[in-house]
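Here's the structure, in structure tokens; my notes come after.
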Amino acid sequence: MPKGFQEYRMFEAEQKQVNQRILAFCRERGLPEPRLSWGWIPFDGHWGISTSLFQLAAQEIRAAGLKANVQERATELAEQIAAFLGTPEGFERVEAVRGYLNLYFSTATYAQRVIDAVLEQGINFGRGERLHERVMVEFSQPNTHKAFHVGHLRSAILGDTLCRILEFAGYDVVRANYPGDIGLHVIKWLWNYMKYHAGERPEKDITRWMGDMYAEAVRRLEENPELEAEVRALYARWDQRDPEVVRLWQETRQWSLDGFDEMYRQLDIRFDVYYFNSMVEHPGKEMVDELIAKGIAQDERPNGPVIVKIDELLGLKQEKYRVLVVLRSDNTALYATEDLALAKKKFTDYPDLVRSYYVVDVRQSLHFQQVFKTLELAGYEWATRCQHVPYEIVTLPGNVVMASREGTVVLLENLIREAIQRALQVVEEKNPELSADQKMEVARAVGIGAIKYPMLARENAKIVTFDWQAALDFNGQAAPYIQYAHVRANSILRKAGVAKVEDLPAPMPYRYSLAQAEIQLIDLLSRFPREVQRAAAELKPLHIANIAYDLARAFTDFYNECPVLSVEEPVRSGRLRLVAASRQVIANALQLLGITAPEVM
RNA sequence: GCCCCUGUAGCUCAAUGGACAGAGCACCUGCCUUCUAAGCAGUUGGCUGAGAGUUCGAAUCUCUCCAGGGGCGCCA
């Protein structure tokens, strides 16, 4: 649990006070010290804190060595405690229901507290106190000289959102990219280019062009396997750092990087630092030498590779980490070689990292466990601060894995274009009076949001199945629904002449009787900071996706049931402030998801 | 053979160890002179893969099965 977690509970003080009283109650009756776990009342439209007394009842019965009915005793206790508490300061009502104790907040003051806090803190509502702890998140490791497809999107979106959440939760975050800019795939690409396309340059759709060129190279080599020799020769030239090859590699690599930049820009994803695969090739080999010198790695060259028998070194009887190959028998580097050096480089560049996260496909779990354990064995104290954040892949319907070679890919460029195009059609239909620029702006927000949301609104460990129909469906539980709630809130405020917080009515206690929808909405607003901390602690954007949708739904209920502009004072002012607060928290949640909150739709 | 993940409504997914397991999609029926219908209301839909255990209480924790997916010495 991050430091200061308790502070993110908005009603901590009240809860403590009630806890004290219940403690006094127990002492008075000679009951065991209760261990109460407080939660919110789990019914829509009910607002307050709640605990069960089953545990206390069970404790008591056990301590006394009695055989009694816990359910009945808990019910009794709840009733007795409710009577003992009366109506504590700040609460409106206390009720005992079947072993549960529910304390309802005085909405007049608590509603004001929540709404005022949101409006005062604005874009910072929900932001955790700065922890002065730095973490690095490595994500979106795209291969240059290849296509970028929807399968590659999850690491990019998940990583970006985790960065946003961790930063908001209070961490100093370093966003790292790790492009695969060298390797056999690059050499094949260069070979094809030099032989058949010398001098050509990509005009537009750079990434697609790069991908097509790679596919062409693969096809040529499949059709004429004897050409492999040329590729090997070219790889040798690269290894010698032949100036012509290096120059061409640099130039063409940049084309890919330019293409990626364009996609990152459209997706609103940025990086603080780029580590390139090519940067860690030689340092990795040096680390392998070091491992051999330390007696951790075994050198079987030239008849075998350099390996680390991790289980043996740890003295494990059962296989767990198995054997990691850290260098090929021909002295060429593997991913493992490079990952050793990369991990070290990260901590050399940022010695104060408390965590070094790797947002990478779950299939590489064992690989990372091996690499991190090897580094630990080599005596690097920071090795235990490295952590793999696994996620499941994106497949096509029928559990078809996206693979460029199989032609089973949805190119990101196509998806973005289609999504925006489709969104534009819908805007034309729904809101024809907007200007062309506005329509395009909305279409981008909606199209990109629709792409991102499904990748974030499920467990990291669950496969996302991509299908066009679902991706382009803007109805229901999806980003546009949340964006639409934001737009509706915005619309009310606009009509009320509220352009900024200062235009709102003054802070006020909510003395009028709040509708269920209002209570539900305020309750959710108050939960947002907790969800931020939870998402950060568990590394799960899902929690933010859920609260964002819940907020949108609660606001939509409110919108349908509670008129704002046409209602009498002081209800009008109170609701106006609630609308402004709702808009703010929905916007904050969307911001964490990397989804634009539009003003109009 | 060893290890990891998943199994909840027809489909896609939620659910701080707690109160009647909830949404969306799809299907059906309604609702635009009232703050934007990308919306809302209603109807239908479940022995949470099976079994045991821990617990006052299990979709959630443990174990054993079953089913599906993934990983496991020179792929990335």
Pairwise P distance for B:A58 and B:C20, with rounding to whole Å:
13 Å

Quick check on contacts: within residues 40-50 of chain A, what sits under 4.0 Å from RNA chain B by heavy-atom distance?
A:Pro42, A:Phe43, A:Ser50

Using the P atom on both, measure B:G39 against B:C27 and round to a whole Å.
15 Å

Using a heavy-atom cut-off of under 4.0 Å over every strand shown, decide if A:Asn490 touches base, sugar-phosphate, or nothing.
nothing

Side chain of A:Arg62 only, heavy atoms from C-beta on: which candidate in B:U55, B:A14, B:C35 is closest?
B:U55

Taking atom P in both B:G7 and B:G49, compute the distance separating them and give it to the nearest angstrom.
8 Å

Please report, rounded to the nearest Å, how far the P atom of B:C74 is from the CG atom of A:Leu324.
11 Å

Where the chi angle of B:C20 falls, syn if within 90° of 0 and anti if not
anti

Hey, does the Lys NZ or Arg CZ of A:Arg154 hover above the aromatic six-ring of A:Tyr391, less than 6.0 Å from the centre and inside 45° of the axis?
no

Once you round it to whole Å, what is the distance between C1' of B:U55 and CZ of A:Arg73?
20 Å

With respect to the phosphate group of B:A76, does any side-chain polar atom (N or O) of A:Asn143 fall under 4.0 Å of OP1 or OP2?
no

A:Ile492 CD1 to B:U34 C1', straight-line distance once rounded to whole Å
12 Å

Side chain of A:Arg488, base of B:C35: donor and acceptor closer than 3.5 Å?
no

Please list residues of residues 544-554 of chain A whose heavy atoms come under 4.0 Å from any atom in RNA chain B, ordered by number; otherwise none.
A:Asn546, A:Tyr549

What's A:Val308 touching, base or sugar-phosphate or nothing? Going by heavy atoms closer than 4.0 Å.
nothing

Across the strands shown, which category fits A:Arg322 at heavy-atom distances under 4.0 angstrom: base, sugar-phosphate, nothing?
base

What does A:His367 touch in the nucleic acid at a heavy-atom separation under 4.0 angstrom: a base, only the sugar-phosphate, or nothing?
base

So which protein N/O to nucleotides 57-63 of chain B N/O distances come out below 3.5 Å?
none

Considering every strand and a 4.0 Å limit on heavy-atom distances, what is the contact class for A:Val579: base, sugar-phosphate, or nothing?
nothing

